[in-house]
There are 2 protein chains.
Amino acid sequence: MTTVASTPDMSERRYRDSSDKTLADYPRPSVAVDTAVLTLDEQQGLVVLQVRRPNADGWALPGTFLHEGETLAMAVARSLQVKANVEGLLPRQLHVFDALDRDPRGWVLSVAHVDVVQPARLEERFAASTRLMPVRAPGRLPFDHPEIVRRAVEYLQSRYADRPDPDRLLGEEFTILQLRRAHEQIAGRPLQRDWFRRTMEPQLEPTGQLASGARGRPAELFHRREPGS
Amino acid sequence: MTTVASTPDMSERRYRDSSDKTLADYPRPSVAVDTAVLTLDEQQGLVVLQVRRPNADGWALPGTFLHEGETLAMAVARSLQVKANVEGLLPRQLHVFDALDRDPRGWVLSVAHVDVVQPARLEERFAASTRLMPVRAPGRLPFDHPEIVRRAVEYLQSRYADRPDPDRLLGEEFTILQLRRAHEQIAGRPLQRDWFRRTMEPQLEPTGQLASGARGRPAELFHRREPGS
DNA sequence: GAAATAGTGTCTTTGAGACAGTATATC
DNA sequence: GATATACTGTCTCAAAGACACTATTTC
């Protein structure tokens with residue numbers, strides 16, 4: 001281990017030692033973000049947003065390189081805005097992919113994210129260059145993107161395990177059946193009717209109104225319990 | 001959004017588009033790794049490894065900058081080897097800290113890791129420049145390091161929730177009381193005697209031997225169930 | 001024998017699952 | 001009234017918690 005002479009114009013060198021040179025001495029990796037934007041689609045269930053790969057065939061998750069002065073969350077928001085015209089909400093980190101040969105462009109770390117957005121936020125998305133694909137059949141995706149989708153779904157499943165629609169994928173009012181259908185799409189399996197009602201109803205506020213239009217006895221409409229009640 | 005002219009000598013430009021320029025066009029962040037190395041100490045319980053801050057007062061978690069040709073796991077292993085003379089095992093990512101002003105040296109992303117190592121691996125550590133501190137009173141730590149310790153402990157707790165010592169912090173043979181004491185150090189709270197035995201015993205193999213030296217009826221010694229039995 | 005720890009048996013409580021019964025709408 | 005769906009009551013079962021009892025050692 002050789003000690004490298006310090007760069008004289010570095011103003012802050014407190015952390016240097018024989019194994020930890022100054023900031024400027026090393027080649028730096030590019031850092032990218034890739035995001036699995038998840039939402040619930042009326043027809044397709046749980047879907048993930050994809051964008052056309054520029055100058056390449058096929059589709060990919062939206063992503064971009066991290067710019068100077070940006071946090072990861074800002075880069076995620078920018079990539080969604082620019083590539084898909086979608087306003088993200090609260091991106092959450094999933095994993096850093098760092099295999100040395102993962103990107104033919106060179107040394108690129110990719111920080112995978114998940115962002116759960118309400119369906120309405122995807123209505124204005126670029127029609128020609130974006131698509132929504134079911135998470136269980138997302139089509140052919142490059143790089144680590146299939147793994148990102150897998151981790152994103154896993155995250156959403158744990159988030160929805162015992163709370164009623166925490167990310168407001170449904171509207172403000174819904175019946176317990178509608179809520180259960182949404183949770184079943186996310187869980188990827190049928191949920192028990194009895195257990196579901198007993199778990200969710202105490203966390204909901206009845207509106208006093210009834211749903212209409214369906215066959216059978218009309219169901220009561222609920223909304224989410226407001227914070228602080 | 002302006003399109004930037006491509007750099008002619010880039011061999012790989014398939015991914016370029018108006019918002020996603022070539023690799024070389026952007027300033028890149030430095031990427032660091034910081035690691036909470038956890039182990040069980042006979043006296044202090046669950047402890048975290050700290051190293052003296054070079055050219056600064058106080059202590060910090062071991063870390064280093066990512067070098068070219070290295071994965072994050074390799075950088076973690078190197079930082080533990082060089083800074084503490086400790087051989088790490090299986091670092092796991094916790095979080096990327098990316099606040100713009102988090103490091104006075106400049107633009108530095110830090111990927112926080114946790115690594116659980118057997119106490120024996122820490123015996124040869126540098127005596128003068130390292131120390132082990134209880135995770136619940138780790139002393140004054142810089143940057144995001146207290147948060148890293150918090151997340152590391154949370155990770156370990158979920159890992160130890162219902163499996164007998166998955167990271168082999170105990171020796172090969174142990175009594176159920178020794179196992180429970182270790183799990184209690186990690187959980188940070190007393191665990192119920194009845195439930196603990198009922199949960200763990202089916203996952204253990206009796207050795208047929210008995211512990212000796214203590215007061216009271218000697219306890220049976222167990223070892224971990226070998227894979228495939 | 002007293003004290004301490006190991007190990008076992010079992011009662012209670014809790015929550016999930018199963019299922020049947022009642023309520024209220026559409027057709 | 002037939003059918004469909006919403007809602008409620010309750011039995012069963014499994015696991016956690018609590019607690020008591022027996023077993024076997026040291027002192």
Side-chain angles (χ1 to χ4, degrees), chain A residues 40 42 45 157-166 170-225, chain B residues 40 42-43 45 157-166 169-225:
Chain A
L40 271 182
E42 195 81 17
Q157 286 174 348
S158 77
R159 214 174 139 69
Y160 270 66
D162 50 10
R163 275 173 299 182
D165 192 23
L170 295 172
E172 284 310 298
E173 301 189 345
F174 43 80
T175 66
I176 292 198
L177 179 59
Q178 289 169 332
L179 183 67
R180 181 158 57 89
R181 294 273 178 259
H183 278 250
E184 284 177 339
Q185 297 285 9
I186 289 167
R189 60 187 172 88
L191 299 175
Q192 218 220 353
R193 203 173 70 114
D194 310 62
W195 169 86
F196 189 82
R197 171 179 284 272
R198 274 197 293 248
T199 305
M200 297 303 175
E201 196 173 341
Q203 306 183 54
L204 296 171
E205 202 82 53
T207 63
Q209 292 185 309
L210 297 180
S212 61
R215 277 172 305 188
R217 174 174 167 180
E220 191 166 12
L221 284 168
F222 292 84
H223 54 70
R224 297 173 190 81
R225 193 177 290 284
Chain B
L40 271 182
E42 195 82 15
Q43 279 80 43
Q157 286 174 348
S158 76
R159 214 173 139 68
Y160 271 66
D162 50 10
R163 273 172 299 181
D165 190 24
L169 290 173
L170 295 173
E172 284 309 299
E173 300 190 345
F174 43 81
T175 67
I176 291 199
L177 178 60
Q178 289 170 332
L179 183 67
R180 181 157 58 89
R181 294 273 178 259
H183 278 251
E184 284 176 341
Q185 297 285 9
I186 289 167
R189 61 187 172 86
L191 299 176
Q192 219 219 351
R193 200 175 70 114
D194 313 62
W195 170 86
F196 189 82
R197 171 179 284 272
R198 275 197 293 250
T199 305
M200 298 302 175
E201 196 173 341
Q203 305 183 54
L204 296 172
E205 202 83 50
T207 63
Q209 292 186 309
L210 298 179
S212 62
R215 278 173 303 188
R217 172 174 169 179
E220 190 165 13
L221 285 168
F222 292 84
H223 55 70
R224 297 173 190 81
R225 193 177 290 285

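Below, chain A is the first sequence line, B the second, and so on; all start at residue 1.
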To the nearest Å, how far apart are [X] [atom1] and [N] [atom2]?
X	N	atom1	atom2	value
Arg217(B)	dA6(C)	CZ	C1'	5 Å
Leu204(A)	dC7(D)	CG	P	12 Å
Arg198(B)	dA18(D)	CZ	P	11 Å
Arg215(A)	dT5(D)	CZ	C1'	9 Å
Leu221(B)	dA6(C)	CG	C1'	12 Å
Gln178(B)	dT5(C)	CD	P	13 Å
Arg181(B)	dA6(C)	CZ	C1'	13 Å
Ile176(B)	dA6(C)	CD1	P	10 Å

Take Leu210(B) and Leu177(A), find for each the nucleotide of DNA chain D with the closest heavy atom, and name the residue whose nucleotide sits nearer the 5' end.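 Looking at DNA chain D, the more 5' nearest nucleotide goes with Leu177(A).
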Find the distance between NE2 (His183(A)) and CG (Leu40(A)) and round it off to the nearest 0.5 Å.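 Nearest 0.5 Å value for the NE2-CG distance: 9.0 Å.
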Drop me the distance from Phe174(B)'s CZ to Leu221(B)'s CG, to the nearest 0.5 angstrom. 9.5 Å
Main chain of [Y], side chain of [X]: is a donor-acceptor contact present, judged purely on distance under 3.5 Å?
X	Y	result
His223(A)	Thr207(A)	no
Thr199(A)	Asp162(A)	no
Arg225(A)	Pro202(A)	yes

Atom CZ of Arg163(B) with >12 non-hydrogen neighbours under 6.0 angstrom: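 Counting neighbours around CZ of Arg163(B), more than 12 heavy atoms of other residues, nucleotides or ligands fall under 6.0 Å, so yes.
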Residue met sooner reading DNA chain C from 5', once Gly216(A) and Glu201(B) are mapped to nucleotides: Glu201(B)
Taking DNA chain D as the partner, which of residues 183-196 of chain A come within under 4.0 angstrom of it by heavy atom?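 Contacting residues: Arg193(A), Asp194(A).
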